[in-house]
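Atoms within a ligand are numbered from 1 in the order they appear, just like the ligands themselves. Everything numeric here is computed off the predicted structure, so don't read it as measured data. By convention here, the first residue in the shown sequence is residue 1.
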Amino acid sequence: MAPLRSIVLAGGGTGGHIYPLLAFADALRRRFPDIRITTLGSPKGMENQLIPAAGYDLRSIPAFQLPRSLNLDLLRTPDRMYKSAAAAGEIIDEVQAEVVVGFGGYVSVPAYLAAWRRELPIVIHEVNVPPGVANRMGMKFTKRLAVGFPHQLEQSEVLRNARLVGVPLRTAITRMDRPALRPQALYHFGLRPDLPVLFVSGGSSGARTINLAVAGAAKRLAHAGIQVLHVQGARNDPFEVPNDLPVPYVVVPYLSDMQLGYAAADLMLCRGGAITVAETTALGMPAIYVPYPFSNQEQKRNALPVVESGGGMLVDNSEMTPEWIETNIIPLARDRQRLAAMGTAAAGYGRRDGDEQLLRFVLEAVN
Ligand SMILES: CC(=O)N[C@H]1[C@@H](OP(=O)(O)OP(=O)(O)OC[C@H]2O[C@@H](n3ccc(=O)[nH]c3=O)[C@H](O)[C@@H]2O)O[C@H](CO)[C@@H](O)[C@@H]1O
């Protein structure tokens, strides 16, 4: 099989689209050290921080906003879409890309359109049910669809014939030896080795409801001997945590080295974003999922199979209160046996080879 020489990866907006793109870029680089990897992003998304920091070439193309629901008139009318597609096409031509792989987010649509006009192979990676608007538009241009989870094949008509590849995850996470990294991670955050750690993260943007509930339960958690490592989300308002707690409660705005958080944690409290679920299960991390309530139930669908297999708990956003935490999280965090059983069940659902499986699928498309 001839080596791939040049590829364009498109995806942007939040971490949920960008981290899989980066993990896939790493897999490409490992397999084809000389490959030219060009990423397409929009001027304002998180890709502008995350992609250059990971050492990849990011090209911005003019942004245009898609509606939350699919409307095909968009493909016929707006100038801005064609301006974006022209910009994407110029980049595709310049780098002589052999294939375009998209991960969703508005910026993927012009990349799909430009690749289709050039008759280049297009591969779409989708992690949600229902699929995101951008990827659903992309499906007009290609039948090469890859998904992250088994439930997507069952629950979405348009994804029924997709290839199940899993989610490309960062090797810092998939290749991590959690027990070995734990002492360093605890030291890094100033946490104690003798008490359980609750790791709180509301996805790439943070989650206000979870932040306020956990902060409101800070005293009760601390007096029960439970430490908290709390990622508040870079753009979220700060919240008050009492400063006279008997055990550590550590607040950080964002974790670039997410593996350190996972290594320090005994139990996670999180939203149900697809990449988060892929990571917790790949690591066998017991987790309490609080799905974001305003996104077509997609986060509930992500978390439900894990919870049904015994790997976690599911809580409605409206029930996420300090009282719920006291009643449910405190006993769980202190029950090592139950945590271990949940972790084993979560690991049974998780997979670590999404990057390699997607690479295989893309190479099939090119050859
Ligand atoms: C509100 C909303 O619409 N959220 C969507 C968004 O979630 P969101 O963008 O929050 O993405 P996910 O929860 O799927 O993934 C978050 C990613 O950010 C990383 N991370 C997070 C915090 C941090 O401090 N450091 C860090 O590295 C996590 O390790 C993970 O890799 O995209 C997901 C994937 O399309 C969807 O399933 C979610 O429904």
**Q** Quick check: S204 and ligand 1, any N/O pair under 3.5 Å apart?
**A** yes

**Q** Are S84 and Y106 linked by a side-chain donor-acceptor pair shorter than 3.5 Å?
**A** no

**Q** Taking the minimum heavy-atom distance to atom 21 (C) of ligand 1, which of G15, G203, G148 ranks first?
**A** G203

**Q** Assess whether a salt bridge exists between D266 and R336, defined as any Lys/Arg side-chain N lying under 4.0 Å from an Asp/Glu carboxylate O.
**A** yes

**Q** Output the list of atoms in ligand 1 that are nearer than 4.0 Å to some heavy atom of A274, sorted by atom number.
**A** 14 (O), 33 (C), 36 (C), 37 (O)

**Q** Measuring from atom CG of L359 to atom CZ of F32, what distance do you get when rounded to the nearest 0.5 angstrom?
**A** 6.0 Å

**Q** As an exercise, identify every atom of ligand 1 less than 4.0 angstrom from a heavy atom of Q299.
**A** 2 (C), 4 (N), 5 (C), 38 (C), 39 (O)

**Q** Give yes or no for whether the N/O distance cutoff of 3.5 Å, strictly under, is met between I275 and ligand 1.
**A** yes

**Q** Does any N/O atom on E279 come nearer than 3.5 Å to any N/O atom on ligand 1?
**A** yes

**Q** Less than 4.5 Å apart, any side-chain heavy atom of V100 and any of L40?
**A** no

**Q** In the single-linkage hydrophobic clustering (I, L, V, M, F, W, Y; side-chain heavy atoms under 4.5 Å), do L9 and V362 co-cluster?
**A** yes

**Q** At a 4.0 Å threshold, what atoms of ligand 1 neighbour a non-hydrogen atom of R170?
**A** 19 (C), 27 (O), 28 (C), 29 (O), 31 (O)

**Q** With nothing but distance in play, are any N or O atoms of Y19 less than 3.5 Å from an N or O of ligand 1?
**A** yes

**Q** When you measure from atom 32 (O) of ligand 1 to each heavy atom in G16, A303, P20, which option holds the nearest one?
**A** G16

**Q** H125 and ring pair (Phe, Tyr, Trp, His ring centres under 6.0 Å): which partner among F103, F149, F24?
**A** F103

**Q** Does only the side chain of R271 get under 4.0 Å from ligand 1, or the backbone, or both, or neither? Count heavy atoms.
**A** neither

**Q** Is any N or O atom of I173, backbone or side chain, closer than 3.5 Å to an N or O atom of ligand 1?
**A** no

**Q** With distance as the sole criterion, is a donor-acceptor pair present between the side chains of N236 and Y254 under 3.5 Å?
**A** no

**Q** Judging by distance only, is a nitrogen or oxygen of S205 under 3.5 angstrom from one on ligand 1?
**A** no

**Q** Does an N or O anywhere in T276 fall below 3.5 Å from an N or O of ligand 1?
**A** yes

**Q** For the pair R301 and E298, find out whether any cationic side-chain nitrogen is under 4.0 Å from an anionic carboxylate oxygen.
**A** no

**Q** Any idea which atoms of ligand 1 are less than 4.0 Å away from a heavy-atom of Y292?
**A** 1 (C)

**Q** By the rule that ILVMFWY residues connect when side-chain heavy atoms come within less than 4.5 angstrom, directly or transitively, which residues belong alongside V247?
**A** L195

**Q** According to the ring-ring contact (aromatic ring centres under 6.0 Å, His included) rule, which pairs have a member within residues 170-226, sequence neighbours left out?
**A** F199-Y262

**Q** Are M313 and Y289 linked, directly or through other ILVMFWY residues, by side chains that come within less than 4.5 angstrom of each other?
**A** no

**Q** Any nitrogen or oxygen of G202, main chain or side chain, under 3.5 Å from a nitrogen or oxygen of ligand 1?
**A** no

**Q** Mark the output for M46 as yes if a heavy-atom distance to ligand 1 is under 4.0 Å, and as no if none is.
**A** no

**Q** Working to the nearest 0.5 angstrom, can you tell me the gap between L198 CG and Q227 CD?
**A** 10.5 Å

**Q** Quick one: look at V231 and ligand 1, take heavy-atom pairs under 4.0 Å, and tell me if it's side chain, backbone, both or neither.
**A** side chain

**Q** Specify side chain, backbone, both or neither for N302, according to which of its non-hydrogen atoms lie closer than 4.0 Å to ligand 1.
**A** side chain

**Q** Below a 4.0 angstrom heavy-atom separation, can you tell me which part of V127, side chain or backbone, both or neither, approaches ligand 1?
**A** side chain

**Q** I need the atoms of ligand 1 closer than 4.0 Å to a non-hydrogen atom of L255, numbered in the order shown.
**A** 23 (C), 24 (O), 25 (N), 26 (C), 27 (O)

